[in-house]
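Everything on this sheet refers to the single structure shown next.
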Amino acid sequence: MKRLCMVKYLFLLATSLMMGETQLMAALPIQTQTLSNGFQIVVVNNPSSQTVSVGLLYKVGTADDPREQVGLSHFLEHLMFKGTHDMPEDTYDKAIANIGGRHNAMTSFDWTMYTADVGAEHLEMIIRMEADRMQNLSFKEKEVESERGVVQEERRMRVENNPFGAAQEMILHALHPYHTYGTPPIGYPHHINAYTYESVFQHYRTWYAPNNAALVVVGPVGLDEVVKLAERYMGGIAKRDVPERKRVSNPIVEKTTQHITHYNKRNASTRLYSYHHGVTFGADQKRYYALMVLANMLGSHPVSAVYQEFVEDKNLCLSIGASFDEDYLDQGHFAIAAVLNEQQSVEKFKAAWKAYWQNLREKGPKSEEIERAKKATLMHTRFLSDNNNEMLIALTGLACGQTANDIAQTPERVEAVTEADIKEAIEYLGDAVLTVDLYPDTAG
Amino acid sequence: MKLKSVLAFSLSVAALVFWRFHGSPSPHKSSAQQSTHQSNTVPTMNIQTRVIEQKVPVWAVNHPESNVVTVVVAFKYAGLVGSTPEERGISKLLASLLDEGYGDVSGRTQKEFFLNHMIEYSADSSNHHITLTMRTVRESLPYVFEALKGMLTKPLCKPKDIQCVGSQIQSSLAQKMHLPQYMAQDERMKAAFGKDHPYAFSTQQEAERILSWSQPQLQAYAKKMFTQKRLHVVVVGAYDEKALSQEIEGLVNALPEGDAVPELSANQANNTGDIHIVNMPIPQTVVSWFQEGLPLLDEKFYALYLLNDVLGGQGGITQARLMREIREKRGLAYGVGCSLFAESAGHSWTGGTATKSESAQQVIDLIREQWALVAKDGVTEDELNRVKSFAVNSYPHTFNSSIGTAVVLMRYMLDGRAPDFPNKRNSYIQSVTLNDVNQTAKDVMKDKLTFVVVGNHKAGDLA
């Protein structure tokens with residue numbers, strides 16, 4: 001799960017990546033064009049790749065699901081593999097397999113993406129099939145039943161068998177008491193049981209419109225070529241009204257820190273979390289990039305000051321790090337997480353963290369810490385041309401309020417973050433809105 | 001696995017994404033689907049693997065148009081299989097300590113050096129080898145070798161770092177003991193190869209020992225294992241061959257020659273047909289199974305590989321028999337599959353799935369039924385064609401990043417393959433006939449499978 005948010009800042013283009021003194025990096029050529037029906041095409045040319053990675057991104061996710069049927073976007077994603085009028089049943093699966101391609105699909109809170117990695121000569125076939133299932137999805141009622149069983153098993157695997165599944169659900173709920181971000185993308189069992197043949201189709205017809213989708217292609221291809229194919233297969237699909245993505249907001253509660261304590265027999269270590277309000281790209285770009293760098297500064301890279309102090313010098317915890325919900329359309333969180341060194345007391349760790357955080361708020365970090373964090377943030381950018389799929393995932397920002405150009409400029413915007421921005425971002429984070437202690441249950 | 005900056009079991013709410021499935025679908029020769037393009041051409045693989053003359057095996061693939069380069073360095077059998085029973089577990093800690101400083105360079109300085117020179121680093125000790133993987137930009141290649149020379153000859157392994165990194169690993173191992181898939185694997189290895197086999201060195205044993213290693217023990221193990229005789233090198237990406245050759249020579253000369261690496265003998269899995277139950281109070285039961293396998297270089301290996309794909313290979317979504325019967329028709333599992341375990345100290349044919357407790361017996365029966373069906377009747381021409389088509393056409397995807405290519409080539413090198421193996425592999429697959437596959441099914445498939453089940457069951461619950 002973490003992987004995705006890491007990947008996010010790796011990508012986009014690095015125009016001026018510092019290495020040692022001056023190591024300039026050529027910009028990655030992200031190009032985009034939109035057809036008259038509102039269908040967007042984004043191409044990242046990667047001439048050294050033998051294969052293309054194709055993603056069809058729909059701007060709909062769990063947070064857009066009906067209240068009583070949370071997870072419907074994820075369920076629809078499963079049923080998108082059950083065939084169309086012209087390509088019934090598993091034709092899609094067979095066709096891609098036959099050319100040695102690999103396909104996959106992902107559902108997040110704010111987007112759904114269908115991906116395929118194929119030889120560059122098969123790009124047209126993928127676009128043709130995606131166009132077909134954007135319009136002509138067709139599955140049988142009995143397939144809804146067997147797939148419901150599959151998704152219940154998927155939930156057992158990801159949530160119920162997971163020692164931290166229950167804690168994760170509690171935390172989401174505490175962070176988002178009203179917003180649909182409070183329920184995991186797979187939904188609760190009663191949600192899964194509530195999906196119907198009609199509701200899946202309704203969801204499909206409502207959201208899977210060309211003007212609510214983007215075709216993302218990474219590989220040895222140019223924009224013109226992809227636009228020509230998209231025009232041929234997707235250009236004729238009529239634009240239609242798509243609902244505004246308006247979600248129920250969480251109430252604003254100020255000067256309050258919630259706390260959760262949880263004991264669990266299947267947890268082996270004491271794990272401590274502290275959640276602060278994050279910021280969306282749309283709300284405040286300056287703060288957004290500052291929080292991205294700050295997440296790296298607070299432990300997400302191996303030479304951070306916080307890691308050195310808390311893990312190496314004071315041995316207070318075994319690990320410490322921060323993460324930021326950067327791929328969210330609505331407000332997510334900035335979290336700090338640590339695994340306690342069992343030789344130390346929880347109180348001692350908490351007091352040390354409080355002092356550290358207070359000191360950061362008052363004095364700000366050292367400038368070399370910020371520079372190191374920026375370097376670590378941008379390091380991955382350098383290697384994006386080595387992996388088409390990471391680039392595809394990076395482009396899901398298109399469903400979270402970013403334009404292709406915003407995504408392309410990520411490295412220079414990260415580079416432009418100043419010491420003052422970081423100080424302001426720390427002040428913005430302020431006190432935690434939620435703290436969580438997860439303890440091993442050793443009793444009984 | 002390196003913990004360090006990666007929080008094990010992080011509860012980050014960032015990017016909660018649900019993947020539909022991992023792996024890849026199996027192919028099918030589609031019956032006259034007008035819209036389904038039928039590909040009959042086999043992709044021509046042209047991986048230009050150069051053998052660079054050195055005292056040690058070196059393979060390199062040059063991508064002059066790129067600016068990224070990956071260096072993989074492996075020490076053969078420096079992992080569990082090459083340890084004495086008393087040493088088992090030390091290789092994991094040693095691998096994790098290799099970026100904690102060398103000579104007069106502190107761990108912090110070393111990690112800053114990597115960051116400043118844009119070197120992405122990881123090290124791992126598997127059952128078999130200790131492997132270091134470093135991806136960087138063309139200009140930093142000399143820095144990679146500079147660091148390697150120090151790390152491999154003068155690792156610090158300071159008591160303070162042993163305690164710090166060892167505790168991280170111990171915490172992660174302690175958590176693994178609550179994860180059914182790891183417990184199933186431990187139990188399966190013990191059942192298949194016996195409790196004293198290196199593959200059966202369990203998560204629990206590893207956790208018990210991880211903080212017991214001393215600085216002198218770690219440095220002595222490094223000295224014993226980081227030798228010319230064990231060293232293998234693969235480089236993929238942007239480099240100048242002459243300069244690279246000199247760098248590698250410098251690394252080789254910095255290492256002691258060492259003793260000849262003892263060859264291993266591979267054990268056949270011991271398939272008794274029993275059901276082993278590991279009790280864990282969880283709602284979904286993890287079911288895994290195994291029977292006898294074949295060594296990697298066996299002449300029937302590719303036939304068995306394709307047979308495995310028909311049954312449950314390549315994560316097939318709708319095509320593989322087990323997926324069709326268990327997931328698609330009955331909705332009993334999110335995924336089910338099987339694969340060949342063909343390694344230098346043992347081989348077996350294993351599979352796994354997970355289903356709600358109440359369905360465990362039904363799923364076990366379905367697996368046995370599908371297994372018996374193939375053992376009796378073999379597979380069809382259509383099935384064989386589809387798995388062959390997928391196997392050959394998907395092969396180029398293996399080589400679509402410098403890091404992916406380097407890791408795969410290292411695996412081939414350590415397996416004893418020739419450098420041009422990637423260019424020939426598809427022809428080996430193509431030459432397998434239906435008769436080969438069905439004869440192999442008769443020869444290799446057994447009328448019993450040994451199951452390992454982890455879940456809310458007690459002995460005698462399942463048959």
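Letters A, B, ... are given to chains in the order of the sequence lines, protein chains preceding strands, and every chain is numbered from 1.
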Rounding to 0.5 Å, atoms CG (Asp90(A)) and CZ (Arg324(B)) come to a distance of 5.5 Å

Item to complete: Spell out, as yes or no, whether a donor-acceptor pair under 3.5 Å connects the side chain of His397(B) to the backbone of Gly100(A).
Response: yes

(Q) With a 4.5 Å cut-off on side-chain heavy atoms, are Lys94(A) and Arg386(B) touching? (A) no

| Asn341(A) versus Ser167(B): any side-chain heavy-atom pair under 4.5 Å? | no

Before giving the answer on salt bridge (Lys or Arg N to Asp or Glu O under 4.0 Å), spell out for Lys82(A) and Glu328(B) the whole-Å C-alpha distance, their side-chain angles and the decisive distance to 0.1 Å. CA-CA 10 Å; Lys82(A) 297 291 180 188; Glu328(B) 294 299 310; 2.7 Å; yes

- Message: Donor-acceptor pair, distance only, cut-off 3.5 Å: does the side chain of Gln175(B) make one with the backbone of Ala268(A)?
- Response: yes

Turns out that what part of Ala174(B) lies under 4.5 Å from chain A's heavy atoms comes down to both

### Query
Donor-acceptor pair, Asn400(B) side chain versus Ser49(A) backbone, under 3.5 Å?
no

So, the part of Glu65(B) with a heavy atom under 4.5 Å from chain A: the answer is side chain

Practice item. Report yes if some heavy atom in the side chain of Lys375(A) is under 4.5 Å from a heavy atom in the side chain of Asn116(B); otherwise report no. Key: yes

Okay, Ser402(B) and chain A: the region with an atom under 4.5 Å from a heavy atom over there is both

dist Met157(A):CE -> Lys356(B):NZ (nearest 0.5 Å) comes out at 15.0 Å

Q) Do Ser389(B) side-chain atoms and Asn98(A) backbone N/O form a donor-acceptor pair below 3.5 Å? A) yes

In short, Arg266(A) meets Ile282(B) closest at the heavy-atom pair NH1-CG2, 3.2 Å

Student check: side-chain heavy atoms of Asn161(A) and Gln181(B) closer than 4.5 Å: no

### Task
Please answer whether the main-chain N or O of Val303(A) pairs with a side-chain N or O of Arg108(B) as donor and acceptor at a distance below 3.5 Å.
yes

When the 4.5 angstrom heavy-atom criterion is applied to Asn267(A) and chain B, the contacting part is both

Under 4.5 Å to a heavy atom of chain A? For Ile403(B) that would be both

Most heavy-atom pairs under 4.5 Å with chain A, out of Lys329(B), Glu112(B), Arg135(B), belong to Arg135(B)

Honestly, the part of Leu173(B) sitting under 4.5 Å from a heavy atom of chain A is neither

Any non-hydrogen side-chain atom of Leu115(B) less than 4.5 Å from a side-chain atom of Arg372(A)? yes

- Do other residues, nucleotides or ligands put more than 12 heavy atoms under 6.0 Å from the OH atom of Tyr182(B)? no

Any side-chain donor-acceptor pair under 3.5 Å between Gln284(B) and Glu160(A)?
no

Around Phe113(B), counting heavy atoms of other residues, nucleotides and ligands shown, do more than 12 lie under 6.0 Å from its CZ? yes

Residues Tyr307(A) and Gln168(B): closest non-hydrogen pair is OH-NE2, 3.0 Å

The interface call for Met280(B) against chain A, heavy-atom contacts under 4.5 Å, is side chain

So, the part of Val151(A) with a heavy atom under 4.5 Å from chain B: the answer is neither

Minimal heavy-atom distance between Phe383(A) and Val68(B), with the atoms involved, is CD2-CG1, 3.7 Å

CD1 of Ile326(B) to CD of Glu153(A), rounded to nearest 0.5 Å, is 11.0 Å

(request) Look at the side chain of Lys160(B) and the backbone N and O of Glu312(A), then say whether any donor-acceptor pair between them is shorter than 3.5 Å. (result) yes

Requested in this report: Report yes if the side chains of Arg330(B) and Ser146(A) come closer than 4.5 Å at any heavy-atom pair, otherwise no.
Outcome: no

From the list Asp117(A), Asn387(A), Asn388(A), the residue making the most non-hydrogen contacts under 4.5 Å with chain B is Asp117(A)

- [ ] Answer whether the closest heavy-atom distance between the side chains of Gln343(A) and Gln163(B) falls below 4.5 Å.
- [x] no

So OG of Ser394(B) and CD1 of Ile96(A): to nearest 0.5 Å the spacing works out to 13.0 Å

